[in-house]
Amino acid sequence: YVLGAPEFLQASVATTGEVAAQAEAWSALGLRTLLFAQAPDEPELHRPDGEPRLPDRLIVLGIVSFSDELRPEARETLTRFKDAGVSPKIISGDHPHTVAALAMQAGLGSDLETVSGLDLAQMDEAQRGDVVEKATIFGRITPDQKEDLVRLLKRNGHYVAMIGDGVNDVLSLKSANLGIAMESGSQATRSVSDIVLIGDSFATLPWAVEEGQRIRNGIRDVLQLFISRVASVSLLLMAVMILGGFPFEPKHISVLTTFTVGIPSVALAAWARPGTWSRTSVYGPLAHFVFPAALLTAAAGVVVYLIVALNGGGSLAAHAETALTVMAVPCGLLLLPFVEPPVHWFEGGAAYSGDWRPTQLALGLFLVFAALLAIEPLRSFFGFVPLSLSMYGAIALIVLAWTLLLRFAWRARLLERFLGVEPSPSSEA
């Protein structure tokens, strides 16, 4: 910043102005600048307290520039980071204009907000917390300021990964959620980091982020499906036992589990895709999905059981068990398009994905289940009994009502309103 403060340079105004203008021009092109100056007398380089100081009188000798060569994979890597929802922040000790020019060459855009470490030093913590969210380029940053920026990002709810190679990055690497060091970096940097990039290549990082997102999203989908079924069956079991019956035979449980959880869970894990996620806890979106699904499924089961009991005729237990399974399997399969909504109509429990594969799987499994009920040897093997057409029609209407009520409960966020808590966004952002 000597070039930006000509009063420190004891040279002609024209010379100082020309040097400063040239340095600014080079910085705008992404070049590093180095000023050479001479103190005619023996300078005092430290204050009495030991702090470094600039000599009172300097004579400009010249200025030189250095160019940085961008890695070939830099543009593609940054693009994939942005596509994965990662917000890059460039923190450097170089001039902010130099860093911004290099960032633009790497494809980060032309409207980047830059901040100088000298400006940060004049701000309070609240102001720095706002600036760290808005700015992308941080220049003339000291090691302590790097650590402070990481701390502020974490305080604002971000998961922070810090990449560094020098000793001046050690503090910030230790403070970050994930420290990443270059293989060619200092031993101290590699020692405090969680990951060391072999060959100093950034190219693998976007792939690692996307794979982590894919795994997490797959686990989320499977948990939503599995916990919804477990909770709904548990509630239905208690409710029907209070009414004096038992909802399912062991064979029926096997059919229900295979069709609504077993096969769909494997498929959802295999079809999971990368995508950004919410900063909030996973428990809020999970509860938002599970509780309405479990409560409404159990309520629908009680209604079916009461209809069978009121109709009478035949064995109540056998007819009720069959009717409850015939209701529970379609309800479980209908959760698949709600877990991965192929169209916006199914949004509410989860964000729109546009993926039709889970819905197509649900339709295929429903046709197999219908064939199982229609083919006598299979029906008898699994312990089902024939139901009347009116009973099948009543179950179909109950499933339709269940679908509409569940969609309404999710979209109206009835659970959050009942608990008096802030709605947890179902969409991952």
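One is the number of the first residue; the rest follow in order along the sequence.
Heavy atoms of other residues, nucleotides or ligands lying less than 6.0 angstrom from CZ of Phe366 number 12 at most. The neighbour count for Glu76 CD, taken as heavy atoms of other residues, nucleotides or ligands under 6.0 Å away, does not exceed 12. Heavy-atom neighbours of Lys154 NZ from other residues, nucleotides or ligands within 6.0 Å: above the threshold of 12.
Arg357 and Gln360 are not linked by any side-chain donor-acceptor pair at a separation below 3.5 angstrom, with hydrogens and angles left out of the test.
Each of Val240, Ile398, Val326 was compared with Val304 under the side-chain contact (heavy atoms from CB on, under 4.5 Å) criterion, and only Ile398 meets it.
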(Q) Quick one, Leu373 with Phe382, criterion side-chain contact (heavy atoms from CB on, under 4.5 Å). Give me CA distance, side-chain angles, the key distance, then yes/no. (A) CA-CA 9 Å; Leu373 293 175; Phe382 286 103; over 6 Å; no
Q) Step by step, would you call Arg80 with Glu210 a salt bridge (Lys or Arg N to Asp or Glu O under 4.0 Å)? A) CA-CA 9 Å; Arg80 289 183 62 186; Glu210 292 167 358; 2.8 Å; yes
Q. Which is it for Leu225 and Leu336 under the side-chain contact (heavy atoms from CB on, under 4.5 Å) test, yes or no, and what are the steps along the way?
A. CA-CA 8 Å; Leu225 206 62; Leu336 283 172; 3.9 Å; yes
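Note on ring orientation: taking the six-membered ring where Trp is involved, the planes of His344 and Tyr352 are parallel (angle under 30°, cut-offs 30° and 60°). The aromatic rings of His288 and Trp410 are tilted relative to each other, their planes meeting at an angle between 30° and 60°. Between Phe384 and His252, the angle of the ring planes stays under 30°, which puts this pair in the parallel group of the 30/60° scheme.
At distances below 3.5 Å, at least one donor-acceptor pair connects side-chain atoms of Gln145 with backbone N or O atoms of Gly117. The main-chain N or O of Ser92 is never found under 3.5 Å from a side-chain atom of Lys146 such that the two would form a donor-acceptor pair. One N or O on the side chain of Ser232 and one on the backbone of Arg229 form a donor-acceptor pair closer than 3.5 Å. Put simply, the side chain of Arg128 gets close to the backbone of Met123: a donor and an acceptor are under 3.5 Å apart.
A search for side-chain contact (heavy atoms from CB on, under 4.5 Å) contacts involving Thr114 returns Pro96, Ala100, Ile137, not counting sequence neighbours. Remark: Glu211 engages Arg214 in a side chain to side chain donor-acceptor pair (under 3.5 Å) (not counting sequence neighbours).
Looking at Leu197 and Leu205, their side chains come closer than 4.5 Å, going by heavy atoms from C-beta outward. Within the 4.5 Å cutoff, the side chain of Phe346 has no heavy atoms near those of the Thr359 side chain. The shortest distance between side-chain heavy atoms of Val255 and Phe248 does not fall below 4.5 Å.
Salt-bridge check for Glu340 with Arg220: passed, with a basic side-chain N closer than 4.0 Å to an acidic carboxylate O.
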